[in-house]
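Residue numbers start at 1 and run along the sequence shown.
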Amino acid sequence: MPRPRFEKLDAKKREAILDSAEEEFAAKGFAQASYNLIIERAGVSKGAMYYYFDDKADLYSTVIGHRFGDLVNAVGDVGEVNTPEEFWAGCNAMVGRAMVYIAADPEQGERMRGLVRSLAEAPPGAREVLAMAREPTRQLLETGQDVGAVRSDLPVDLLAAMVLALGEAMDTWLAENWASLPPEGLAPLEGELMGVFRRLCDP
């Protein structure tokens, strides 16, 4: 993760660095991304960049944490639910908010898909950053268990890991095939994908 000096930077400067890095990583993946090009586009010196980050992997992990953290905040939680029907309706609403967030800015949406594709070759540190979703997922499943919407025959941590792995597989497939999906087919596909999650989690 970034050094404290990065967090003390002017907000516009921080955004310039993260934006340049996100553009390069989304377009080329982690391995092929040019650290020198990121530095040049951000308008900082190489010495300054190493003042903020340990290396390219550290910068990549920061970008992943920043962007996916924004998505998690935009999605929010399931809200107050008292029945299985309310729980799954709340989950559908969360997915809807995620789609709105991604679709609100086509360029941002394409970058998100690029970052998802890049995770296949992500350094270990970035994989750890993705663990930010583990606790919210566990809490979501526990809420579902409380109202009888989610199975309780498996340890909740195991079920959360299964849900996250399934979600990553779906996200990767969507990122790789997005351009070939007709707009009118997205809503039905979204419903089918939610159905897979539900079949995994149903009691």
Side-chain angles (χ1 to χ4, degrees), residues 1-30 33 35 38 41-42 44 49 52-79 90-143 156-157 160-172 174-175 178 190 193 197:
M1 296 306 291
R3 298 177 179 179
R5 300 155 183 160
F6 178 72
E7 302 298 342
K8 294 177 181 178
L9 272 178
D10 174 77
K12 291 181 66 174
K13 191 58 142 180
R14 288 200 310 271
E15 285 302 315
I17 293 172
L18 292 176
D19 188 66
S20 299
E22 183 181 287
E23 179 181 359
E24 181 72 358
F25 288 130
K28 300 178 182 176
F30 172 74
Y35 200 42
I38 292 171
R41 287 176 177 168
V44 298
M49 190 66 99
Y52 306 134
F53 303 96
D54 291 341
D55 50 26
K56 186 171 82 167
D58 190 24
L59 174 59
Y60 177 82
S61 297
T62 301
V63 168
I64 292 295
H66 177 76
R67 177 54 67 201
F68 286 90
D70 284 349
L71 176 60
V72 168
N73 290 334
V75 168
D77 58 32
V78 74
C91 290
N92 286 330
M94 291 173 67
V95 172
R97 290 193 291 272
M99 298 299 288
V100 168
Y101 174 84
I102 294 171
D105 183 338
E107 181 180 348
Q108 174 181 280
E110 182 53 39
R111 285 191 183 187
M112 284 288 294
R113 289 186 285 276
L115 290 176
V116 169
R117 291 190 294 268
S118 76
L119 290 173
E121 57 180 22
R127 304 297 306 179
E128 286 303 310
V129 168
L130 290 175
M132 71 174 75
R134 190 175 300 149
E135 181 60 21
T137 301
R138 187 183 65 78
Q139 292 177 358
L140 176 67
L141 292 172
E142 287 181 339
T143 297
V156 69
D157 289 340
M162 294 167 68
V163 166
L164 289 171
L166 176 60
E168 183 175 338
M170 289 180 175
D171 288 344
T172 299
L174 285 170
W178 188 265
E190 180 183 317
L193 295 180
F197 278 113

Close side-chain approach of [X] and [Y], heavy atoms under 4.5 Å:
X: L18; Y: T62; result: yes
X: V75; Y: Y101; result: no
X: K56; Y: F30; result: yes
X: D55; Y: D58; result: yes
X: F6; Y: I17; result: yes

Looking only at non-hydrogen atoms, find the nearest pair between [X] and [Y] and report the distance.
X: P123; Y: A57; result: CG-CB, 3.9 Å
X: A42; Y: A16; result: CB-O, 4.1 Å
X: L140; Y: C91; result: CD1-SG, 4.3 Å
X: E7; Y: P2; result: OE2-CG, 3.4 Å

So, the side chain of [X] versus the backbone of [Y]: is there a donor-acceptor pair under 3.5 Å, distance only?
X: E110; Y: A27; value: no
X: R113; Y: L174; value: no
X: R97; Y: D77; value: yes
X: R138; Y: A160; value: no

- Return the orientation label for the Y60 and F25 ring planes: parallel under 30°, perpendicular over 60°, tilted otherwise. perpendicular
Value rounded to 0.5 Å, distance of [atom1] in [X] from [atom2] in [Y]:
X: T172; Y: M170; atom1: OG1; atom2: CE; answer: 11.5 Å
X: R111; Y: E24; atom1: CZ; atom2: CD; answer: 10.5 Å
X: L71; Y: M112; atom1: CG; atom2: CE; answer: 4.5 Å

- Query: Does K28 pair with E121 as a salt bridge, N-O distance under 4.0 Å?
  - Reply: no
- Exactly one of L59, V116, L115 clears side chain to side chain contact (heavy atoms under 4.5 Å, CB included) with I64, and that residue is L115
- Item | More than 12 heavy atoms of other groups within 6.0 Å of R3 CZ | yes
- Step-by-step salt bridge (charged side-chain N to carboxylate O under 4.0 Å, His left out) determination, E22 to R41: CA-CA 11 Å; E22 183 181 287; R41 287 176 177 168; over 6 Å; no
